[in-house]
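Proteins come first, then strands; the chains are lettered A, B, ... in the order of their sequence lines, and each starts at number 1.
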Amino acid sequence: MASDATPSTSTDASSTAAVTPTGGSDPSPQRAGSVTVLRWVLRQHRRALIGWTVAVAVVCGIYVSFWPAMGDAGELEALIEGMPEGIVAALGYDAIGTPAGYLESTIFGLLGPILLLVFGLTFAAKLVAGEEEDGTLELELSAPIARGSVYLQRYLTVVLALLWLCLVVAAVTVGLVAALDMQVGTPELLAITLGMFLLALAFSSVAFAAGAATGRKAIALAVGAGLAVAAYIANALAPLLDDGRWLEAISPFAWYLASEPLVDGLSVPGALGLVALALVPVGLAVVRFDRRDLGV
Amino acid sequence: MSDVLVRAEGLVKDYGQHRALDGLELEVSRGEIFGFLGPNGAGKSTTIRILLDQLRPTAGRAEVFGTAPREGGPRQRARIGYLPGELALSGRDTAGALLDHLARLRGGAGTTRIPELAERFNLDLDRPIRGLSKGNKQKVGVIQALMHDPELLILDEPTSGLDPLLQHEFLTMVREARDSGATVFMSSHVLSEVEEIAGRVAIVREGRIVDLDDVATLRHHAGQEVELTFAEPVPAEAFDGLPGVSDVEVDDGSVRCLLRGEPDALLKAAARYHVTRWSAQDRELEDLFLDHYRVPVSDDDGEVVADPGSSVRAGTSAGSAPDTERAR
């Protein structure tokens, strides 16, 4: 297939006004494995991606650079001492006086996940549900491409975008940690970045799946953001309760952070849990997306 | 291969409680331009979106090229050019970039024709999509539907947003596509625009076809508007129940009515009085179209009796769409 379909520059002389249907001989549907949709979506969002890249890099850069002034000088420990013990535990500031604790509490425990989730949830909710709702997906869906392929390529765009932003986080932190001689190992930094990527991917995937299953952007955002906030709160409350271990067990935030990945590395069961949280909804929703009415 | 390219058999589509299609039947043959008429909400877009496999029917069956859209999949859609009824385009990319992308989704089919079509429709390919007017966006939609020379064009309200000059250009292109073998299925809520080019026309109302015929027959059904003026007042009974005559209005010394078929009986009835003026005008097809919408389908009797359109409907649908008369 796709033989006559190449954008030929050769002989279009005689074709000026002649409208010649291909006569059923050689219609050219999208080749399997093609990434036309993925490339188009990335292209359409290139400006937003550049903006987020800059934002993520700047925030990471600023926070890591604060360490010599804040942590090294003992300012943070002084601050923590004046705070109630419970609050300190809830915020995960117990170890904020060490470089690893500082990075875990700021970039990897709060700002990184927030930035990545704001980006990931809105991007994931828009790519199927949002564009279906505003009608811009209709031409793509009426093109010779299977629904499943549209779905998969759009999902992969979310994965790639999040992966890219996490690489930016990793590059900035690894670079600055080395420059400021903060004594945190690069493997640990990469491990925690991978954990943060999986965390953002998990909730973004939930949003993507909810949107693709329902065709409603608001549902996608509500489900994704709702779960993320609940998970964060559960993780924050766990240390405050006498018997809070079950909260850690059900919170994806805890799956990512409870093992203190900058010290002990990423928890393997935790990481696998995040992968499952990403892939199970995405796998289930494609079935629904393939069957339901689109654009209603 | 069968010569019926589009077929709907007892097509039903429910949205929750609302029934959008209620046993719709139609066949579009290879090489024809088929007009699909009805107001907004009659079920036109629902039918069309089933053909594109964006909606799945609740009951009944739709076929394109002899295969259900769901089974036909991408291979089937590669042979269709589709213009959505509510075309939504956005983004900072240029019209040219979007058209290139859409061609790439078709394995590159149509890429080479984009500049030529853009010139014909006077569309600037270098302008960003989100800055385009509704008319210019519609041009993008028309071009992407035509560019790959599809065997079947499915066009949902194609001329909406185009100015009269471009409407004309568009209809010319549709005719050219037909002349070189394409089949065209186009919807509209304005009869005059399909009347010009369509061979057959189906009128859809509340999810059913209420009339389906070639344009010439429809025009015959539309009949003539007859007005007679008499020297003295005439009794209304004199014009009751004449064959082919309906919608009689008697007002002192003048009679207006709708005539279909031979004028003989009407003339003989009138000749009993002193006729001072006489006029007979062909009705526009538009009027026929409106006739179908004056009567609520769901009322079998009751207010329909009081409605002058009821007799018209009985007259026009006889022989073409008897199922409108069936109690629901």
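- For residues 119-128 of chain A, heavy-atom neighbours of chain B at less than 4.5 Å comprise no residues at all.
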**Request:** Decide side chain to side chain contact (heavy atoms under 4.5 Å, CB included) for B/Leu89 and A/Leu139; before the verdict, give the C-alpha distance in whole Å, the side-chain angles of both, and the deciding distance to 0.1 Å.
**Result:** CA-CA 9 Å; B/Leu89 304 174; A/Leu139 285 181; 3.8 Å; yes
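- Heavy atoms only, all atoms of each residue included: A/Thr36 and B/Arg104 are closest at CG2-CB, 3.8 Å.
- Distance alone, capped at 3.5 Å, places no donor-acceptor pair between the B/Arg92 side chain and the A/Gln44 backbone.
- When all heavy atoms of A/Gly135 and B/Ala88 are compared, the closest pair comes out as C-CB, 3.6 Å.
- Contacts of B/Ala145 with chain A are absent, with no heavy-atom separation under 4.5 Å from either backbone or side chain.
- Taking the side chain to side chain contact (heavy atoms under 4.5 Å, CB included) definition, one finds that B/Ser45 meets it with B/Asp156, sequence neighbours left out.
- Interface residue A/Glu140: backbone and side-chain heavy atoms are both found under 4.5 Å from chain B.
- Side-chain contact check for A/Trp40 versus B/Leu98: some heavy-atom pair is nearer than 4.5 Å.
- Of the listed residues (B/Leu152, B/Leu52, B/Asp93), the one with the most heavy-atom contacts under 4.5 Å to chain A is B/Asp93.
- Of all residues spanning residues 285-296 of chain A, those with a heavy atom less than 4.5 Å away from chain B's heavy atoms are A/Asp290, A/Arg291, A/Arg292, A/Asp293, A/Leu294, A/Gly295, A/Val296, arranged by number.
- For chain A, the option among B/Pro84, B/Gly73, B/Gly91 with the highest count of heavy-atom pairs below 4.5 Å is B/Pro84.
- Using a 4.5 Å heavy-atom cut-off against chain A, no residue of residues 123-136 of chain B qualifies as contacting.
- In this structure, the portion of B/Leu102 lying under 4.5 Å from any heavy atom of chain A is its side chain and not its backbone.
- Residues A/Thr136 and B/Ser90 are in side-chain contact: their nearest non-hydrogen atoms beyond the backbone lie under 4.5 Å apart.
- Residues B/Glu86 and A/Glu138 fail the side-chain proximity criterion, which asks for heavy atoms closer than 4.5 Å.
- Residues B/Asp53 and A/Leu141 have side chains not in contact (no heavy-atom distance under 4.5 Å, counting atoms from C-beta outward).
- Shortest non-hydrogen contact noted between A/Ala146 and B/Pro74 is N-CG, 3.5 Å.
- Pairing each heavy atom of B/Arg77 with each of A/Ser142, the nearest pair is CD-O, 3.4 Å.
- Of the atoms belonging to B/Gln144, it is side-chain heavy atoms, and not backbone ones, that fall under 4.5 Å from chain A.
- Contact annotation: the side chain of A/Pro144 never approaches that of B/Arg75 to less than 4.5 Å [non-hydrogen atoms, C-beta and beyond].
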